[in-house]
Amino acid sequence: MDKIDVNFKKIIENLDSIVLAVDYDNKIVFANKYFCTLFNTNCELIKGKNLYDFLPENADTVALKDYTYKITKFDDEFYSYYYLTVIDNQLEKVYSDFISTVSHELRTPLTSIRGFADTMLMSYDKLDKAQIQKFLTIIKEQSNRLIKLVENLLSISKIQVQHSNLVFKSVNAKSQIEQVADILKNQYPTHPFEIKCEQNVPNILVDENKFQQIMINLLDNAAKYSYEKGSITVSISNAIKENFVSIKVEDHGVGIEPQNLSKIFEKFTRIENHLTRKTQGSGLGLYIVKNLIEKMGGQICVKSSTELPNSGSVFEILMPVASYTSQSKKKLEDK
Ligand code: ADP
């Protein structure tokens, strides 16, 4: 048990900068979520590790992953705190990358919606029923894509200000996933979607809209990064971890190379493969998925391979069982 004030800890836990606390021996006693995500580790497992395994001694700055951070150190009576912020000019680059990704992602579907609406307005008397239906379907699909992007952007701004407004309730995972799969079946008519559900799987405790957003992102990716006709299976079962439900989304697509597995959950990260070049995406989906799952007390992990052309990937999420305890709900709402 560390001696950090509970309220102070709540503030630094979710800060969009790195915060570490170390004891007189330079052993880590606390690391916030930003740090643990960056090093793809668990905030509990990191405790007791040596600070200098992660930061250089006596340095003012440090390069970690894609950015350089300024190190500020301050002490209280028990610990030394290290506060690391991205150096400003890099934030400008992040901001400009963000604007260009988002503009591109907005412009592509909008151009297509305007183009098809124009064609229909200008030549509606020359188009047959099948053509009209085809154009309206494209307009609908592109509007769905825009809605997904806007929802992802709203989520990311909420994640950044740590204001999540989650409304928890007891939800049947299978029926929620069926609704999401229906939307995606329309969007990807050549992919067979299958939902398997073990008997006696209890309800989960989630925010219904956010849970659907998570599933839309995972199923959309499963289809986007698979070849035509590649099957997608969602398996719902009681997790090995007690009081959790496991939901696995399995595809037979391009897969992800082992060295990229930790990067896919980072903001704006798209991994190059021959399908990423052809598909639309902002690199925000999995970042949001992971954040939302963790905010709802769940976990996500991925297994993937690129050994065979269609080895594919399995994204597994664990969500807390609804009846688990009403206290766990309260704890999550307090977060
Ligand atoms: P986006 O799909 O918008 O690029 P995501 O954050 O959803 O962004 O995914 C990040 C990256 O992870 C993708 O660009 C892709 O390279 C990889 N990825 C995600 N899901 C899969 C999957 N099911 N199979 C293969 N690669 C995937």
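As the structure lists them, so they are numbered: ligands from 1, and atoms in each ligand from 1. Keep in mind it's a predicted model, so treat the numbers as computed, not measured.
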**Q.** Pair Gln179, Gln212: side-chain N/O donor-acceptor within cut-off below 3.5 Å
**A.** yes
**Q.** Distance from atom 26 (N) of ligand 1 to nearest protein heavy atom, with residue and atom
**A.** Ile256 CG1, 3.3 Å
Q.
Can you see whether Asn217 engages Asn152 through a side-chain donor-acceptor pair at a distance of less than 3.5 angstrom?
A. yes
Q: Compare every heavy atom of Ile271 with every heavy atom of Asn260, then report the nearest pair and how far apart it is.
A: ND2-CG2, 3.2 Å
(Q) Angle between ring planes, Phe39 versus Phe35, binned at 30° and 60°: parallel, tilted or perpendicular? (A) tilted
Q.
Assess whether a salt bridge exists between Asp207 and Lys295, defined as any Lys/Arg side-chain N lying under 4.0 Å from an Asp/Glu carboxylate O.
A. no
Q: Take Asp220 and Tyr188, measure what side chain to side chain donor-acceptor pair (under 3.5 Å) needs, and give me the verdict at the end.
A: CA-CA 9 Å; Asp220 188 42; Tyr188 299 99; 2.5 Å; yes
Q) Does an N or O anywhere in Gly285 fall below 3.5 Å from an N or O of ligand 1? A) yes
Q: Could you tell me whether some N/O pair between Tyr225 and ligand 1 is separated by less than 3.5 angstrom?
A: yes
Q: Without swapping roles, check the side chain of Glu198 against the backbone of Asn238 for a donor-acceptor pair under 3.5 Å.
A: yes
(Q) Quick test: of every protein heavy atom, which one is nearest to atom 23 (N) of ligand 1, and how far off is it to 0.1 Å? (A) Asp251 OD2, 2.8 Å
Q | Protein residue, atom and distance nearest to atom 17 (C) of ligand 1, heavy-atom basis | A | Ile264 CG2, 4.0 Å
**Q.** Contacting atoms of ligand 1, where contact means under 4.0 angstrom from a heavy atom of Ile271
**A.** 14 (O), 16 (O)
(Q) Are Leu286 and Asn221 packed together at the side-chain level, in the sense that at least one heavy-atom pair is separated by less than 4.5 angstrom? (A) yes
Q. Among Glu266, His252, Arg270, which residue places a heavy atom closest to atom 4 (O) of ligand 1?
A. Arg270
Q.
Below 30° counts as parallel, above 60° as perpendicular, anything between as tilted: where do the rings of Phe74 and Tyr81 land?
A. parallel
**Q.** Min heavy-atom dist Phe265 to ligand 1 below 4.0 Å
**A.** no
Q.
Just to confirm my output: which protein heavy-atom neighbour is closest to atom 10 (C) of ligand 1, and how far is it?
A. Thr269 O, 3.2 Å
Q.
Heavy-atom contact check, 4.0 Å cutoff: does Asn217 meet ligand 1?
A. no
(Q) Taking distance alone, with N or O pairs closer than 3.5 Å, would you say Val254 contacts ligand 1? (A) no
Q.
Can you check which of Leu286, Val314, Asn152, Val289 brings a heavy atom nearest to atom 5 (P) of ligand 1?
A. Leu286
Q: Give the residue and atom name of whichever protein heavy atom lies nearest to atom 7 (O) of ligand 1, and the separation in Å to one decimal.
A: Asn221 ND2, 2.8 Å
**Q.** Gly253 to ligand 1, any heavy atom closer than 4.0 Å
**A.** no
Q: Just need the protein heavy atom nearest to atom 8 (O) of ligand 1, so name the residue and atom and give the distance.
A: Gly283 CA, 3.2 Å
Q) Using 4.0 Å as the upper bound for N to carboxylate O, is an ion pair formed by Lys169 and Glu208? A) yes
Q | Non-hydrogen atom of Lys224 closer than 4.0 Å to ligand 1 | A | yes
